[in-house]
A.B. asks: 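Sharing a structure, written as structure tokens. Questions coming.
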Amino acid sequence: MEYNPKDLEKKWQNFWKENRSFEPSEDFSKEKKYILSMFPFPSGRLHMGHVRNYTLSDAFARYYRQQNFNVLHPIGFDSFGMPAENAAIKNGSHPKSWTYENIEYMKNEFYSLGFSFSRERELATSDELYTKFEQAFIIDMYEKGLLYRKKGLLNWCPHDLTVLANEQVVEGCCWRCDTPIVKKDMNQYYFKITQYGDELLDDLKKLEGGWPKQVLTMQENWIGKSNGLEFNLFFEQDSLSKLKNSFESFDVFTTRPDTIYGVSYAALAPEHEIVKYMIENALLDSQTIAAINSMKNTSSIERQKEKSGVPLYLDVLHPLTGKKIPVWVANFVLMDYGSGAVMAVPAHDERDFDFAKKYDLPIYAVIAPYEGQLNPDAAFTEAGKLFNSENFDGMNSKESQVHIIEYFETRNLGKKTTNYKLKDWGVSRQRYWGAPIPFVHCDECGLVMEKKENLPIALPEDIEITGEGNPLEKHPTWKYCKCPACANEAIRETDTMDTFVESSWYFLRFCASKENWEKEAFSSQQIRYWMGVDHYIGGIEHAILHLLYARFFTKVFRDLGYLNFDEPFDKLLTQGMVLKDGAKMSKSKGNTVDPDALIEKYGADTARLFILFAAPPTQELEWNDSAVEGAYKFIKRFYDRTSRIYKTDTLPVIEHALLSKEEKFARVKVYEALVRANDVYKEKYTFNTMIAGVMEAMNALNLQTDADIWTEGYWILSAIMEPVIPHVCWDVSKEYFSLKNLSAQKVLEEVFVVESLKFGVSINGKSRTEIEVAVGESNENIIALAKESAAKWLEGMTIVKEIVVPGKLVNLVIKA
RNA sequence: GCCUGCGUGGUGAAAUGGUAGACACGCCGGAUUCAAAAUCCGCUAGCGCGAGCUGUGGCGGUUCGAGUCCGCCCGCAGGUACCA
């Protein structure tokens, strides 16, 4: 047979489509697997990162179908979001048509890659039907008190009169008009994710083993639970009068109460209310105010790098010693963590140290290392022994923390507190292409929820997108409505939702079969059967936000009674990025590879094989054109060598003992490949080594000529490779095996039985020679053999130790 | 800045603490061919004629034995809450 990928792939893609080959069954008595890749944003065309992502999930889906599971492998589009509006600004396209045209194009690309998605469950989150249910959930969450409004600081472009995403701020200026941005305080909607902070943290334990350690650690750090001491720093007399008694103190939080006697200054965030008061009441000179404003308008990342600050010429009193402590504004103090104010201990905190050095503030060391000397040129941040700490001298860090907190509490100076880095999730966006937040502002009733029967609140289509202002706000009629409570004239909320909201529950929607889509978001019976997702596959860049939000929604839905489990994703596989010339593929760098061109030239199977073979999935994947060529050649060879096999409906039966050395070797390699393949899906996901195993088996088959062994080899190898290169494997399987081999394969243990083993012999850990030893030989005999073979290195030496690693090697430790 | 990873031949990579470089790509050599493409076979970490020596970003440590474990340093990547 001549390998012609174009016709062959089209043939099987049509076959799969016509036979509905990949639709899940509604027979819930069967064992299931839910295989899910993170769905794409419809940016226009697939990029290699997508190809990698869906090739991985497709391999899992196909493997488990072979193993006779009922497999759900759905696909959709995360289709709301900023790029649709950016395209509108740039090209005058309508976000909706831009989005849906992109979806059509990308769907075709998907199916030309042979992905075994359930076509019937395709969805786009910008569909009104999706919005309808999402808005209903938002109302549920509001009723539960999980959604609230408060002021938040946003990037504001004073020229375009619009809110900017962090991404749209380039070096502190608006991406479109270059106007320096300012921070503006605006009313925003927030999900109370912090209410679930402890559970989100504790349940990470349930994910151990299923999720990469790395991701668990990142989430743990993000939630950032820390215990410590919260107390007030009181102003001394002069400062009190300077502030006209408007403030008597401010709150600080520390995780290191053991360093309390080392406090040498205090620092406030530039957004702190005391700072604000001083600016408004002309208590600061213009230079100081300018410095504070520039801190406020720098991104929090920039602010952490180069530390800067200004003194407020205020003093507070040390809570224990009564000593005066100067108060500064410092850019590295963030308003949204803790209370926006810190006690600074430069001797024992690196940031405080850098700041103190820069501004020549005093440094008081109070913790000494258990061993060695304090280095005066650096902060000593580890635990140690206290000194210069009055009654607590001599205690170690840990016990002193307990005593110091107790000391504060008994004197009502402060209290033990738990703090989280996790902040509530701001979900409102002042943009058009998103799901409208289903609320109404009524002069009489205030903030009112829309009635569920009025959902969806859909977007108007006749809008103008210019990049200035909020399109929904500017629409002539859309926002005018009746109050759902009192029926008076009212104004609809013009904010839309963060697109992370859609991706926080799409995996639940996929559980619903299409017949019920109009009626309900999903049924509890379907959810109970399909969830949790058995393998969730996506980019490492989603390790924190998306995954945390999806976990949060799952817990909220549980508490709303929609489902009965705590975590949505049992096993997570985070894939690395696709690189070319050492850098992430991107249009601006001009180093992209177009999947369509690749399929056109070599076919989908080649693209899939290259992607799975070139690197393990978690690692970055470096693109290499000639390696793609190599993948193509392998498939061609695989297809051509079917000339060595015969047609059969059953696996050939072979008498192993009667075979030649080469024939035995070929069978060993084939069955080794099978063992490796099964292991890959269980835990390691290293498709590259699975494919290497198949290549070794092919090479071994090629060293012999027995038709039975060739046929047995193909029966098994084409089953192993079907998840990777499905088109060619279905073709081979149909032609020779009537598709009977695409099923779970049995490992024949008898093939692995051997009579002797090779042992490496090393001297002092350095490998020297090799010996062959009969299975079951005693250690003494093995050592004797090893000594004999390594005699040359042992001359005149004394053997001090002999180590035998069973089945592997002998190490002889010698000295002169 | 902070959090999390990664670093092995010319290249992509492989190696439950146990013979570093499996499997590929590329290079080189050979077969086939009038010639080439395609295909097939062989070789390929570096140094050395050789016995051998040196090698997993750098420096130290633990161990009979370290690419693998620990500490410090360097470089690169992802995330950093309105990109998704």
A.B. asks: Quick one: which residue pairs count as a ring pair (Phe, Tyr, Trp, His ring centres under 6.0 Å) with a foot in residues 684-703 of chain A, not counting sequence neighbours?
C.D. replies: Phe60(A)-Tyr685(A), Phe60(A)-Phe687(A), His535(A)-Tyr685(A), Tyr681(A)-Phe687(A)
A.B. asks: Please work out whether the ring planes of His546(A) and Phe500(A) are parallel, tilted or perpendicular, with thresholds of 30° and 60°.
C.D. replies: parallel
A.B. asks: Using a 3.5 Å limit for the pairing distances, which stems of at least 3 consecutive Watson-Crick or G-U wobble pairs does RNA chain B take part in?
C.D. replies: B:1-7 with B:74-80, B:10-12 with B:23-25, B:28-31 with B:39-42, B:45-47 with B:52-54, B:57-61 with B:69-73
A.B. asks: Of all residues at least two apart in sequence or in a different chain, which pass the side-chain contact (heavy atoms from CB on, under 4.5 Å) check with Asn375(A)?
C.D. replies: Asp377(A), Ala378(A)
A.B. asks: For residues 419-428 of chain A, which residue pairs pass the salt bridge (Lys or Arg N to Asp or Glu O under 4.0 Å) check, not counting sequence neighbours?
C.D. replies: Asp336(A)-Lys423(A)
A.B. asks: Under the rule for side-chain contact (heavy atoms from CB on, under 4.5 Å), what residues qualify as partners of Ala435(A), not counting sequence neighbours?
C.D. replies: Phe80(A), Thr131(A), Glu134(A), Met497(A), Glu502(A)
A.B. asks: Show the distances under 3.5 angstrom between N or O atoms of the protein and N or O atoms of nucleotides 49-52 of chain B.
C.D. replies:
from    : atom 1 : to        : atom 2 : distance (Å)
rA51(B) : O3'    : Lys792(A) : NZ     : 3.3
rG52(B) : OP1    : Lys792(A) : NZ     : 3.0

A.B. asks: Suppose we screen for salt bridge (Lys or Arg N to Asp or Glu O under 4.0 Å). Which residues come up paired with Lys184(A), at least two apart in sequence or across chains?
C.D. replies: none
A.B. asks: Pairs under 3.5 angstrom, nitrogen or oxygen only, protein versus nucleotides 38-44 of chain B, please.
C.D. replies:
from    : atom 1 : to        : atom 2 : distance (Å)
rC40(B) : OP1    : Arg637(A) : NE     : 3.1
rC40(B) : OP1    : Arg641(A) : NH2    : 3.3
rC41(B) : OP1    : Asn702(A) : ND2    : 3.0

A.B. asks: Please enumerate all protein N or O atoms sitting under 3.5 Å from an N or O of nucleotides 10-14 of chain B, with distances to 0.1 Å.
C.D. replies:
from    : atom 1 : to        : atom 2 : distance (Å)
rG12(B) : O2'    : Ala614(A) : O      : 2.5
rA13(B) : OP1    : Gln619(A) : NE2    : 3.1
rA13(B) : OP1    : Glu620(A) : O      : 3.4
rA13(B) : O3'    : Asn688(A) : ND2    : 3.4
rA14(B) : OP1    : Asn688(A) : ND2    : 2.9

A.B. asks: Under the salt bridge (Lys or Arg N to Asp or Glu O under 4.0 Å) definition, can you give me all pairs with a residue in residues 806-816 of chain A, not counting sequence neighbours?
C.D. replies: none
A.B. asks: Between protein and nucleotides 64-70 of chain B, what N or O pairs are separated by less than 3.5 Å?
C.D. replies:
from    : atom 1 : to        : atom 2 : distance (Å)
rC64(B) : O2     : Asn811(A) : ND2    : 2.6

A.B. asks: What residues, two or more places apart in sequence or in another chain, satisfy salt bridge (Lys or Arg N to Asp or Glu O under 4.0 Å) together with Lys636(A)?
C.D. replies: Asp640(A)
